[in-house]
K.L.:
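Got a structure here, written out as structure tokens. Questions coming.
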Amino acid sequence: MKRRHFLTSTSAAILTAGVLSQSSVRHALAQGQTPRTRLAMPPLLDTRETGRVALTATPGSTAFGGGASTPTAGYNQGYLGPTVVMQNGDLAAEVQNNLDEAITTHWHGLLVPGEHDGGPQQAIEPGASWTPDLTIAQDPATVWYHTHMHGRIPEQVYFGLAGVIHLTDGQDDARGLPSTYGIDDLTLVLQDRRFDRSGRMIYDPSMMDIMHGFAGNRMLINGQAGATAVVPEGIVRLRLLNGSNARIYTLFMDDTRPMHLVATDGGFLPAPVALDALRLSPGERAEVLVDFSSGGAPVLMSDPGQAYGVLQFATDSTLSARITHLPDQLDGAPEDLSGAEAVTRQVSLDMGMGGMMMGGGGFAINGRPFDMRRIDFEVALGSVERWQIRSTMVAHPFHVHGVRFRVITENGGPPRPENTGWKDTVLVPGEAEILARFDQPASRETPFMFHCHILEHEDAGMMGQFTVT
């Protein structure tokens, strides 16, 4: 099966090899057996009663799909981290670093001040810990956390330093949404990773890998290869995180059943939106509802026209189907920020092969590669700004720390359905306009970042920083 972008035909075949056929999964369930590998959820770490979260960056060794072991890292385990459940209010956090190199921990999507954001200025040295006292005050959303250590971001995230956060208000039952973790509410971390012939996960980017972003030859879901997600015969909620370094997914079900989008990066939509396909770039999250009450269970695929399998589903009639109807309405009500903006800024995401060939890197924003000593923008606290973003050469996922924003236009037209809600990361295939309100302060010592979320691009210089005062 040929792939045009990043993968050879050989690596595309490997991507599909780990997906079991639906008939084999049904047969196993009919015989009272579990599928060959049943997809497991990340461990759950619920902070709502304690008001505390403790994460430890830990070295590990992981054999993916029975292959040779790979040195990895994670939070509280050997690869990736727990799903952390949070609610609004005060939260005492502690991040301990038990690795032999410095890390940071960025709360991607949490609206907190720069001093608590976990950007590259807030390094946690080996053996040290970081103890920010967070105050959370925002709408329910699926957000995430990952290292943001400049110069090491792509490799540290690639080998496991990331995890998911469920920010909840406890009202999902009232909304008519599935909420039983791991049964009808699935957390799915999508990652493509590159493996050698022994089954060892490798990260060895060439110049072209840096230009395009490092792409893999095998899919991992929650750090597992070839697993099957077993679900009840009802409505199931999929919380999708693109945790890949560079791969952009266009997700769809192989039997054409719709996915009903209910939430984007920053929270719920006003009502579900039926989609045939969902585009998800690195750093983005989406929550969708899928009806598994009839027709068996499909394979989640990506890239229509050059399709490969992402995740096999199977239904199990013994699992409780709590939700059997789609909700008519949700309570997401994105604020209309138009007309409130005081400043318009231009943001050009620049790259060039010539700069790389001459040793200059070729990655920059507005013609200037990242410099941790330089503040690029100074933003007024409480203001609304319009940012006009332009990508050069390839589509770039653009992320802004410390805010959520509305996408106003994409290439001069209305935004795609998956960009109509609150966002903190948006794919810019040409041009996009966003409106953002800056309600969190950030000093010169701990500024916020804005950058491409293709990790190789970000680390090579496609990043800037701003204060909010």
Side-chain angles (χ1 to χ4, degrees), residues 1 3 6-43 60-72 74 77-80 158-160 162 164 182-183 186-203 214-231 236 238-245 247 249 251-255 280 290 292 296-303 306-316 319:
M1 185 179 295
R3 298 262 296 125
F6 310 144
L7 293 180
T8 65
S9 57
T10 300
S11 57
I14 296 173
L15 267 172
T16 61
V19 180
L20 292 175
S21 69
Q22 179 65 27
S23 60
S24 66
V25 175
R26 285 199 191 105
H27 176 75
L29 290 170
Q31 299 301 312
Q33 305 167 357
T34 59
R36 183 180 64 186
T37 304
R38 187 165 182 159
L39 182 71
M41 294 295 103
S61 180
T62 307
F64 296 95
S69 293
T70 300
T72 56
Q77 58 187 17
Y79 185 76
L80 295 180
Y158 185 90
F159 283 105
V164 177
I183 303 297
L186 305 188
T187 293
L188 303 176
V189 182
L190 278 56
Q191 299 171 311
D192 64 326
R193 294 293 185 256
R194 192 175 299 181
F195 290 83
D196 64 17
R197 295 191 179 190
S198 70
R200 181 179 290 106
M201 190 170 72
I202 56 175
Y203 183 77
F214 193 79
N217 56 18
R218 193 172 187 183
M219 285 301 306
L220 299 181
I221 308 296
N222 297 346
Q224 300 152 64
T228 298
V230 180
V231 296
V236 175
L238 309 180
R239 300 178 188 248
L240 300 161
L241 160 65
N242 185 342
S244 297
N245 279 34
R247 183 178 295 278
Y249 300 97
L251 301 169
F252 65 99
M253 295 296 179
D254 72 335
D255 62 357
L280 203 67
V290 180
F292 291 98
V299 178
L300 180 65
M301 308 289 290
S302 186
D303 290 12
Q306 301 134 4
Y308 58 88
V310 173
L311 177 62
Q312 172 73 63
F313 288 91
T315 54
D316 183 351
L319 295 177

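No hydrogens, no waters, no symmetry mates; every other heavy atom, side chains included, goes into these values. In this chain, numbering begins with 1 at the start of the sequence shown. Just so you know, these numbers come straight off a predicted model, no measurement behind them.
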K.L.:
Please identify each residue that fulfils side-chain hydrogen bond (donor to acceptor under 3.5 Å, both in side chains) with Tyr158, with sequence neighbours left out.
P.N.:
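side-chain hydrogen bond (donor to acceptor under 3.5 Å, both in side chains) list for Tyr158, sorted by chain: empty.
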K.L.:
Would you check if Tyr79 and Leu220 make a side-chain contact, meaning some heavy-atom pair closer than 4.5 Å?
P.N.:
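In contact.
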K.L.:
Under the criterion side chain to side chain contact (heavy atoms under 4.5 Å, CB included), which of Leu241, Val310, Leu39 is the partner of Leu188?
P.N.:
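Only one of Leu241, Val310, Leu39 forms a side chain to side chain contact (heavy atoms under 4.5 Å, CB included) with Leu188, namely Leu39.
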K.L.:
Which value, rounded to the nearest 0.5 Å, describes the distance between Gln312 atom CD and Asp254 atom CG?
P.N.:
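Those atoms lie 7.5 Å apart.
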K.L.:
Quick check: do Leu300 and Val290 have side-chain heavy atoms less than 4.5 Å from each other?
P.N.:
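A side-chain contact under 4.5 Å is absent here.
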K.L.:
What is the minimum heavy-atom distance between Tyr249 and Ser244, and which atoms define it?
P.N.:
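Between these two residues, the closest heavy atoms are OH-OG, 2.7 Å.
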K.L.:
Please confirm whether the backbone N or O of Ala297 pairs with a side-chain atom of Thr315, one donor and one acceptor, at under 3.5 Å?
P.N.:
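Here the side-chain-to-backbone pair does not exist.
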K.L.:
List the residues meeting salt bridge (charged side-chain N to carboxylate O under 4.0 Å, His left out) with Asp196, not counting sequence neighbours, and say none if there are none.
P.N.:
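Per chain and number, Asp196 pairs via salt bridge (charged side-chain N to carboxylate O under 4.0 Å, His left out) with Arg200.
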K.L.:
Would you check, one step at a time, whether the test side-chain contact (heavy atoms from CB on, under 4.5 Å) holds for Asp255 with Met301?
P.N.:
CA-CA 10 Å; Asp255 62 357; Met301 308 289 290; over 6 Å; no
K.L.:
I need the minimum non-hydrogen distance between Thr187 and Pro42, along with the two atoms involved.
P.N.:
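Between these two residues, the closest heavy atoms are O-CD, 4.3 Å.
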K.L.:
Verify, without hydrogens or angle tests, whether Arg38 (side chain) and Val230 (backbone) share a donor-acceptor contact under 3.5 angstrom.
P.N.:
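No, Arg38 side chain to Val230 backbone: no donor-acceptor pair under 3.5 Å.
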K.L.:
Under the 3.5 angstrom rule, does the side chain of Asn242 hit a backbone N or O of Leu280 as a donor-acceptor pair?
P.N.:
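Flag set: sc Asn242 to bb Leu280 pair under 3.5 Å.
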K.L.:
Can you tell me how the ring of Phe292 sits relative to the ring of Phe313, calling it parallel under 30°, perpendicular over 60° and tilted otherwise?
P.N.:
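Rings of Phe292 and Phe313: tilted, as their planes differ by 30° to 60°.
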K.L.:
Roughly how far, to the nearest 0.5 Å, is the CE atom of Met219 from the CZ atom of Arg247?
P.N.:
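If we round to the nearest 0.5 Å, Arg247:CZ and Met219:CE are 7.5 Å apart.
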K.L.:
Quick check for you: to the nearest 0.5 Å, what is the distance between Ile221 atom CD1 and Gln191 atom CD?
P.N.:
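Answer for the CD1-CD pair, Ile221 versus Gln191, is 8.5 Å.
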K.L.:
Would you check if Leu311 and Leu190 make a side-chain contact, meaning some heavy-atom pair closer than 4.5 Å?
P.N.:
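No, side chains not in contact.
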K.L.:
Whether the side chain of Arg194 engages the backbone of Tyr203 through a donor-acceptor N/O pair (distance < 3.5 Å, no angle test) should be reported.
P.N.:
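Judged by distance alone, no pair lies under 3.5 Å.
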K.L.:
Do Met201 and Thr62 have side chains that get closer than 4.5 Å, going by heavy atoms?
P.N.:
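The answer is no; the side chains never approach within 4.5 Å.
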K.L.:
Do the side chain of Asp303 and the main chain of Tyr308 share a donor and acceptor less than 3.5 angstrom apart?
P.N.:
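Judged by distance alone, no pair lies under 3.5 Å.
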K.L.:
Look only at the side chain of Ser69 and the backbone of Ser61, and say whether a donor-acceptor pair between them is shorter than 3.5 Å.
P.N.:
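The answer is no, because no donor-acceptor pair under 3.5 Å joins these two groups.
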